[in-house]
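Presented below is the structure to which this report refers.
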Amino acid sequence: MVKFFKTSLLYGLLIVLSSALPQWAAAQSRVVSGTVKDEKGTGLPGVTIIVKGTAGGTTSMADGQYSVKVSAGDELEFSFIGYASQTVRIGAQSVVDITLQEQSLLAEEVVVTAYAVQKKVNVTGSISQVKGTDLVATPVANISNALIGNTPGVSGLQTSGEPGHNAANIRIRGISTYGSASPLIVIDGVEQPSEQAMSELNAMDANEIQGISVLKDASSTAVYGIRGANGVIIVTTRRGNTGAPTVNFSMNYGFTRASNFQKGTSSYEYALLRNEAIRNEQRSFAGTESLSTYIFDDYDLWKFKNNRDYTPVEVDAKTNLSAEKREQLKKQPALYYANRDLYKEMFDRNAPQMQVNLNVAGGTQRVKYFVSFGYFSQAGITRDVHYHDANTGSKFNRYNFRSNFDISVAKNWKISINTAGQFGETQGLGSGSDPYDLSSRYKSIMQYIYEGNPFISPGMIDGRLVNGFAGTAGSEQNPLAVKTGSQLGSQNAIVSLLTAGTNSIFNSLLDNTIKLEHTMDYLLDGLRIYGTVNYQDNYNRIVKYKPSIPTYSVQRNPNDPTVLDFFGGGMGAGSFESWGYSNWNKLYLDAGIDWHGSFNGHNVSGLVLAKASRYTMPGDSYNVASGVMGFVGRVTYNYKDRYMAEVNVGYNGTEQFARGRRFGWFPAYSIGWVPTSEKFFPENDILTFLKIRASYGEVGNDQLGGNRRFYYLPNTYNLNQGGYWLGNSDGSSQNPYWVGATEGVIGNPDITWERAKKYDVGIEARFFRNRLSLVADWFREDRRNILTTLGTIPIIYGVSSDKVPPVNVGITKNQGYELLLSWEDQIGNWRYSLSGDVSYSRNKIVYKAEAENPLSLDEPDRILDRTTLRTGQRRLFQYQRGACQSSLQYLYGQPGYAGRHPLRRPQRRRPDRQ
């Protein structure tokens, strides 16, 4: 029994020791060393080496050597930019040498182009990309603002900061036309209507977007034909992947405020300057002695300067007040002589902004999905006052929903179903008839700020809206009424703000897409057919409310000036209106076939696609849908990613032109060469990649601008116009009156689209093992056939200028360059990147059919026409008579100007059309 017990104890100890020994061994750390080399045997410095699952790690030294503390069973991961990562499990070895395989990042990168996805190394057009993560990291209200500064060649102008109306006008490579210069927007392969180009894009949640491609040259935009001349922005939304569901939640919160305020004068400065102006007037003109009534005396100036309604002497003279009351009055801020900064009062607000998004992505081999819910809220910087039924705060709320499903319904068949909803609520100031017309809505508010003075604008006092003073003009209860000589001051900006009412816009946009795809590898590897149906519907509702609110006049109590007396406060009924506005829908269809194949290093692809779209706006004055239809063709070729060539062509048209002139061809050609892939190019660590590319092509622009459609229709006539008395025609009456007709709008059956010839030469290079990247482009565009209202028609033409048909005679020239530099590297476990870009474009109007308009001494108030200025450049000055004469006298005396008129331009002739 004892022997059995001893034996059992011995076996038990052995079992415990055997189970503990691996743990004890694992707990014993040791140092592993080695060298990290490339395929040529050269040591790699700066390689990141981490012990997976722990915080341990190191980096290799200049000769590639390293040492790191590990335990048995640990895994070491070796990673370096430009090389494939490797993982090694540590056993008993103490030396681990690693050879990293070089990995071409460009070979893995892809670019979304028109109707296709291409390897970046094979792209021969000028295309820049913005990642969705970069858009999310830019905390702005809409995508158009997020694009600015994130990619070269894209510029924008934000003309308003009001929530819901603060999108930017996007321009690609400057402005090449004085017609419409808006780019074409494509979302998941669906072209957006030119009439509503930015509507869906600016209402998207950045968390829905995988990436954006900006197509800038002819080779990348020619397939869009008459809508590609202004550039194309392609948006790709996120989709699901095979794997367990991935849930992402993000939220950001911040504030917006005005970066700068216009600084007005103080009450004291205003009084001094007005006194000076009156005295200058009196010294200059006789009979102006009566203006002395309006001069502020020294007592007034003291009160303005010290923000008091009474001087200490005046307060001490009020013996009817107790000593305590007199001291209180001396310290009480001014009511009549106040000092107010109206700009700051109106717009000095830290306006909150918040964005929330929840999205889920995942899928199986059969079904992949991405679903996103988003909310965005932004308040305006305008003063937020709630007074009875008035609410002055401008705000914008947006709700987003998107679901993208990819379903393999059968072998070789896939169906994609995309559904997106955008629901917006915008509230802004003013009750004008058009809520999108910011100038009319803010006009009265800003006008009173400019025209008012800094002291007669009481605003809100003790919770009451005060719009003036109650006392008799010139009395102690209204001391400045005579000297101001105007009631403008009582029409203060705060009253205008509260009584202006509000315009609310309720917008709903639904976007539904079904795409069917069938791969036909059973006939030919790489062959595919597909079709797309998309329907968009947008509904707007405008609600205008103008409240009736109580207003008061105020004065200091005659017996006790420390007390304020209020008068008024009556109320009436507010007004309410609601109507639909700018509702529209669009149907888009396309069907295509493409193929790609490879043989002996030769890679070829081709695409043929037909498409059509129809845009309808019920209630449009023409009550006729607009549309575009046509065909797309593309052939690409590359040999071992070394030599590339591509041909693109678009053939499409629109109903805006006469039969027989509606369709046109738009071809483009591009080539590329990668010298670093040549055998003669030495491998090195300085220049690791170089591509040279060039393109030429023609694209069009059918966005003619103006307020008319169907310019090609025949002339119109106005009946029942002024007539004539033509004498006694049949003897039945004397001098009968015959009603006449006048010629109305004149048609132009030869009208056509703008046509642009585009040239582009670019290089793409990577240096220092792909850490430093360079992309440089030079471009030029010659655009003709710009629709132009002739300014050279004589006055005896017989029809007013607004009835004259525009013609395609305008010519512009645009050229410039783009430069993008970026650096990407890794330090330990940290990766970082830096990038910067420069874009320059010079836009020139060559011909615009303008009348000669030289400056002369006889007509000094005339200014230069637009042909002498760059597109978009403001006329910064206008000659006045005295200044013009002085300038002419000076210039006539300069060498080289003798006998010449320095400001008269030579006779211009219109260049021959090509």
Side-chain angles (χ1 to χ4, degrees), residues 171-182 218 226-231 656-658 661 664 666 696-708 711-712 746-760 779-797 799-816 840-856 859 862-876 878 901-914:
R171 299 293 181 261
I172 297 177
R173 287 185 168 175
I175 304 174
S176 298
T177 177
Y178 47 82
S180 176
S182 298
I226 58 174
R227 298 217 165 152
N230 295 329
Q656 295 197 68
F657 311 118
R661 305 181 65 88
F666 300 92
Y696 165 78
E698 299 185 21
V699 281
N701 178 25
D702 72 332
Q703 302 177 58
L704 302 180
N707 298 320
R708 290 172 55 187
Y711 288 97
Y712 66 87
I746 300 177
N748 177 8
D750 297 325
I751 199 168
T752 185
W753 50 79
E754 300 176 8
R755 199 170 190 96
K757 294 182 178 179
K758 294 191 175 189
Y759 310 81
D760 187 279
F779 60 87
R780 172 176 171 172
E781 176 180 344
D782 297 319
R783 189 173 299 200
R784 294 177 176 269
N785 293 348
I786 301 175
L787 198 65
T788 306
T789 299
L790 300 177
T792 55
I793 295 177
I795 196 171
I796 60 173
Y797 189 66
V799 177
S800 59
S801 60
D802 61 324
K803 303 296 192 301
V804 174
V807 292
N808 299 103
V809 297
I811 302 173
T812 64
K813 178 182 177 181
N814 175 26
Q815 67 179 23
Y840 173 81
S841 61
R842 185 177 187 271
N843 320 124
K844 181 180 180 181
I845 298 177
V846 178
Y847 183 75
K848 196 172 180 285
E850 293 179 304
E852 291 295 331
N853 192 14
L855 289 169
S856 69
E859 299 174 297
R862 299 182 69 180
I863 57 178
L864 300 175
D865 50 42
R866 292 189 69 187
T867 313
T868 62
L869 300 174
R870 298 182 187 180
T871 300
Q873 176 180 339
R874 296 184 180 274
R875 297 182 175 97
L876 300 180
Q878 179 171 347
H901 193 303
L903 296 176
R904 187 178 297 278
R905 292 177 289 110
Q907 183 74 19
R908 290 200 315 273
R909 296 183 180 274
R910 177 172 174 263
D912 292 333
R913 295 178 62 181
Q914 296 180 359

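- Taking every heavy atom of both residues into account, Arg173 and Asn814 meet most closely at O-ND2, 2.8 Å.
- Heavy-atom minimum distance, Ile751 versus Gln656: CG2-O, 4.5 Å.
- To the nearest 0.5 angstrom, Ser180 atom OG is 11.5 Å from Ile786 atom CD1.
- In this structure a side-chain-to-backbone donor-acceptor pair under 3.5 Å is missing from Asn843 to Thr812.
- Contact between Ile175 and Ala181 at its shortest, heavy atoms only, is CG2-CB, 4.2 Å.
- Between Asn230 and Gln703 the shortest side-chain heavy-atom distance falls below 4.5 Å.
- Counting all heavy atoms, side chain and backbone alike, Leu790 lies closest to Val809 at CD2-CG2, 4.0 Å.
- For Arg755, the side chain to side chain donor-acceptor pair (under 3.5 Å) partners two or more places apart in sequence, or in a different chain, are Glu698.
- Pro806 meets the side-chain contact (heavy atoms from CB on, under 4.5 Å) test with Arg708, Tyr711, Leu787, Thr789; sequence neighbours excluded.
- Remark: Asn701 engages Glu754 in a side chain to side chain donor-acceptor pair (under 3.5 Å) (not counting sequence neighbours).
- Checking Tyr847 against Thr788 by side-chain atom types alone, no donor-acceptor pair falls below 3.5 Å.
- Taking CD1 of Ile845 as the start and CD1 of Ile811 as the end, the distance is 11.5 Å to the nearest 0.5 Å.
- The pair Arg780-Asp782 meets the salt-bridge criterion, with a side-chain N (NZ, NE, NH1 or NH2) lying under 4.0 Å from an Asp/Glu carboxylate O.
- Considering only residues two or more places apart in sequence or on other chains, Ser182 meets the side chain to side chain donor-acceptor pair (under 3.5 Å) condition with none of them.
- For the atom pair Phe779 CZ and Gln815 CD, the distance stands at 8.5 Å (nearest 0.5 Å).
- The two residues Pro749 and Ala658 make their nearest non-hydrogen contact at O-CB, 3.7 Å.
- For Phe666, the ring pair (Phe, Tyr, Trp, His ring centres under 6.0 Å) criterion is met by Trp753, not counting sequence neighbours.
- In this structure, Gly231 and Lys758 approach most closely via the heavy-atom pair N-NZ, 4.3 Å.
- Between the side chain of Arg783 and the backbone N or O of Ala229 there is at least one donor-acceptor pair closer than 3.5 Å.
- Residues passing the side chain to side chain donor-acceptor pair (under 3.5 Å) test with Arg661, sequence neighbours excluded: none.
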